[in-house]
*Asks:* 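Have a look at this one.
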Amino acid sequence: MKKFIFLLLFPALFNFSCTTTKQGTLIDQYKYQVQKKIICQNGAVVSAHPLASKVGIEILKMGGNAVDAAIATQLALAVVYPNAGNLGGGGFMVARLKDGKLVAIDYREKAPGKAHRDMYLTATGEPQFELSQHGHLSAGVPGTVAGLFESALYAKLSFKKLIQPAIDLAEKGFVISEREARAFNGLKDDFEKYSTQTPAFVKTIPWKGGDTLFQKDLAATLKRIMKKGAKGFYEGETARLIVEEMKRGNGIISLEDLKNYKAASREPHVFDYKGYKIIGMPMPSSGGLLVNQMMKMIEDKPIATYGFHSPEAVQLMVEAERRAFADRAEFMGDADFYKVPVAKLTSEKYLKERMADFVPGKASTSEQVKPGDIPAMESEETTHLSVIDKDGNAVAVTTTLNNSYGSKTVVGGAGFILNDEMDDFSIKPGTPNMYGAIGGEANAIMPGKRMLSSMTPTIVLKNDLPYLVVGTPGGTTIPTSVFQTLINIIEFNMNTEDAVWKPKFHHQWLPDEVYLEKGFSESTRASLTNMGYKIVDRNGIGRTEVIRVLPDKTFEAVADNRGDDHAEGW
Ligand code: GLY
């Protein structure tokens, strides 16, 4: 046990060699270590947990493609990374397939049929965050399982093969880290308060690193999905268990909501930046559009000559972030329900006008920078995985329960945590959600509508071939972290580790503050203060996972060093 803890505390930061495990080799869920970087020829997976990344690589070794690996990695994360990996949440997949086809799959949760605009307000109109952020009523209709089956249209292996590793991890257990033990101990009261039956994450004596977590109920749910497909989740026993849990905890998800849930295939959000093609998620994620706006707002400035984290570069990027987030608050929401003016928001003329009042060396204010003139902080705990295979399939997936461990409601008898994604709606126009994001009509609650997201799974093509696969968790900091990672690589010519690991910053229009991550340059901080910015210190911003295709066609996979994130390859 001691050896295991040692391995997790001292991650192999600079292991550049490919794994030597043979095809089909069983993954040792009782002894594993964190690896931050790998360079490989055949395929790579980067995710928030070593075991999940290893599952993805095993699937590639079995003959699966990057989509197979992404599906199996998500299923494994639902077991080994319950703070954000999930069956009870939702997410987005962006892919560029080997034949050049671009794919965007939306499996964002939906508001239940009984949801309504003012469901979280008191009789006097006060928002009740306790209801939108915790427990049964905070859950949207889960989308993940439908999304996995929609993704499987592009996979090669049987779903049975993709789900088996997750079943094994749930049934035979896996060893948890110190970090996970601390989380389970810290959340014991919440799990007891918001679940109606004692979940696997709760035990009487405290958890410690090296303990094994068994999840029998979750294994049974996974087996039902293996046998019956999406119906094993949205109908029959699992659906019955969800609805019974709802009844016990005053939630509103019904059998009909579950049966009617469908994932959606969408047109990816695509734009060019200096010859690179950037492929992102469209609505209901704001991610692709925000990255598009921010990058285009700075494209005509010589940012490379300013230098990485120079006051000039940071100020320029902060002002682009401010303006994009002002537009998010006003114009962005589920495009199936609200006409989002995407073409206007991304037009060259509009973005030029947005930056017309930018003054180098002087902070704008968010009072002055209103949403653009055109007609018409949520949880940090989300998770991202990046996958690539030797045939040229590249996949970026970001999924979430919203904040860490979602609603903290575990479905009795089914063993998975439900999301608290309803808080990503604007529960009262103009009122910040749990992480300070503001919204209005575009993101108001309606039955069957999807709540606006910030998730930003992104693929960058160079010469029309995959170059970068990128994404991160981090609530509203997701699009700004992806923006900075791309600028770090494309403009500042940084190596991949630095692009991911160097401190990040964030501005989201309101509150009118610049968040600086621990370790940020002191002199740049002082310059920003002199320019008139209010600076707020932040711990880790995001956990960005990047795969970069090197000039010799090998894959460089880098996991963020802000968590136990792990890069695996072969
Ligand atoms: N709940 C995080 C997001 O979707 O942005």
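Fair warning: this is a prediction, and the values are worked out from it, not measured in the lab. Both counts, for ligands and for their atoms, begin at 1 and track the order of listing.
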*Asks:* Decide whether an N or O pair under 3.5 Å exists between Asp424 and ligand 1.
*Replies:* yes
*Asks:* Taking the six-membered ring for Trp, are Phe416 and Phe233 parallel (under 30°), tilted (30 to 60°) or perpendicular (over 60°)?
*Replies:* tilted
*Asks:* When Asn402 is tested against each of Asp423, Asn419, Thr382 for side-chain contact (heavy atoms from CB on, under 4.5 Å), which residue passes?
*Replies:* Asp423
*Asks:* Counting only heavy atoms, which portion of Asn402 has something under 4.0 Å from ligand 1: side chain, backbone, both, or neither?
*Replies:* both
*Asks:* What atoms in ligand 1 come closer than 4.0 Å to a heavy atom of Ser454?
*Replies:* 3 (C), 4 (O), 5 (O)
*Asks:* Within the 4.0 Å heavy-atom shell around Ser453, which atoms of ligand 1 are there?
*Replies:* 3 (C), 4 (O), 5 (O)
*Asks:* Any heavy atom of Arg108 closer to ligand 1 than 4.0 angstrom?
*Replies:* yes
*Asks:* Looking only at the aromatic ring of each residue, does the gap between the centers of Tyr405 and Phe191 stay below 6.0 angstrom?
*Replies:* yes
*Asks:* For the residue pair Phe159 and Phe149, categorise the inter-ring angle as parallel (less than 30°), tilted (30 to 60°) or perpendicular (more than 60°).
*Replies:* parallel
*Asks:* With sequence neighbours left out, what residues match Lys428 under salt bridge (Lys or Arg N to Asp or Glu O under 4.0 Å)?
*Replies:* none
